[in-house]
Amino acid sequence: EAQVTQNPRYLITVTGKKLTVTCSQNMNHEYMSWYRQDPGLGLRQIYYSMNVEVTDKGDVPEGYKVSRKEKRNFPLILESPSPNQTSLYFCASSLGLAEYTGELFFGEGSRLTVL
Amino acid sequence: GDSVTQMEGPVTLSEEAFLTINCTYTATGYPSLFWYVQYPGEGLQLLLKATKADDKGSNKGFEATYRKETTSFHLEKGSVQVSDSAVYFCALRRYGNKLVFGAGTILRVKS
């Protein structure tokens with residue numbers, strides 16, 4: 001089954017404790033992206049990757065890091081989480097630019113609470 | 001910069017009522033437009049899209065028409081069901097693979 005898998009789905013942590021949210025897709029997609037969803041603000045892009053070893057900042061990258069060492073994986077790293085990073089996070093993937101139709105495939109989301 | 005504005009919710013309807021969720025956009029050129037739906041506890045999934053002016057996207061009884069003159073892409077359904085209860089996001093393709101999303105509109109359908 002084609003899917004984007006995120007882990008953990010739920011996490012409560014404390015300020016300053018490094019954490020990683022993993023994302024994996026099995027559709028051989030070139031493009032992957034992270035979004036955060038906050039009430040009244042919709043989805044805002046954090047980082048994206050056009051292909052392996054190619055990453056770039058989205059609209060709200062501060063406080064986050066990513067890496068793309070393999071095509072299928074795109075982890076989101078919070079080196080020193082703060083309460084304003086409490087949010088619902090989504091990983092998404094799609095075909096590469098040449099074939100892109102506008103459809104993003106989303107994971108089920110990771111709800112992060114930073115105390 | 002490019003942006004998408006949706007009507008605020010929540011929108012509460014009775015089953016079989018007519019649905020309209022308004023969406024307007026600001027963008028340079030003529031972007032592709034999309035509606036995504038998020039069911040409770042799930043990620044977003046594409047509902048429909050339109051790639052040029054006057055195109056009509058449709059899926060699962062939902063429709064939206066790309067109106068260049070009013071920069072709008074309103075979502076409509078003639079008869080909603082309880083199972084349509086979800087959050088609906090309007091989005092535009094800015095450039096490359098990037099999508100810009102609206103804030104989302106919660107739809108609640110009562111039986």
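Chain letters run A, B, ... following the sequence lines, proteins first and then strands; every chain starts at 1.
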Membership question, hydrophobic clusters at under 4.5 Å side-chain separation (ILVMFWY): are B/Val87 and B/Val80 in the same one? no
Closest non-hydrogen contact found for B/Lys98 with A/Tyr48 is NZ-CE2, 3.8 Å
Same apolar cluster: A/Ile46 and A/Tyr35, side chain cutoff 4.5 Å: no
Using a 4.5 angstrom heavy-atom cutoff, name the option from A/Arg44, A/Met50, A/Glu108, A/Gln6 with the most pairs to chain B. A/Glu108
Using the rule that two of Ile, Leu, Val, Met, Phe, Trp, Tyr join whenever any of their side-chain heavy atoms come within less than 4.5 Å, decide whether B/Ile106 and B/Leu75 are in one cluster. no
Can you say whether A/Asp59 sits under 4.5 Å from chain B via the side chain, the backbone, both, or neither, judging by heavy atoms? side chain
Euclidean distance, B/Leu44 CG relative to A/Glu103 CD, rounded to 0.5 Å: 11.5 Å
Counting only heavy atoms not in B/Glu8, do more than 12 fall under 6.0 Å of its CD? no
Heavy-atom distance under 4.5 Å to chain B: side chain of A/Phe105, backbone, both or neither? neither
Take atom CD1 of A/Ile12 as the centre, draw a 6.0 Å sphere, and report whether it contains more than 12 heavy atoms from other residues, nucleotides or ligands. no
Is there any residue in residues 10-38 of chain B with a non-hydrogen atom under 4.5 Å from a non-hydrogen atom of chain A, and which ones are they? B/Phe34, B/Tyr36, B/Gln38
Could you see if A/Val66 belongs to whatever hydrophobic cluster contains A/Leu19? Use Ile, Leu, Val, Met, Phe, Trp, Tyr and a side-chain cutoff under 4.5 Å. yes
Scanning both residues in full, the closest heavy-atom pair of B/Phe89 with A/Gln37 reads CZ-NE2, 3.2 Å
Are there over 12 heavy-atom neighbours, none belonging to A/Arg9, within less than 6.0 Å of that residue's CZ? yes
Which heavy-atom pair separates B/Ala103 from A/Gly40 by the least distance, and what is that distance? CB-O, 3.5 Å
In terms of hydrophobic clustering (I, L, V, M, F, W, Y; side-chain heavy atoms under 4.5 Å; direct or indirect links), are A/Leu76 and B/Phe101 co-clustered? no
Against chain B, label A/Leu43 side chain, backbone, both or neither, depending on which of its atoms sit under 4.5 Å from a heavy atom there. both
Report the distance from atom CG of B/Leu99 to atom OG of A/Ser94, rounding to the nearest 0.5 Å. 8.0 Å
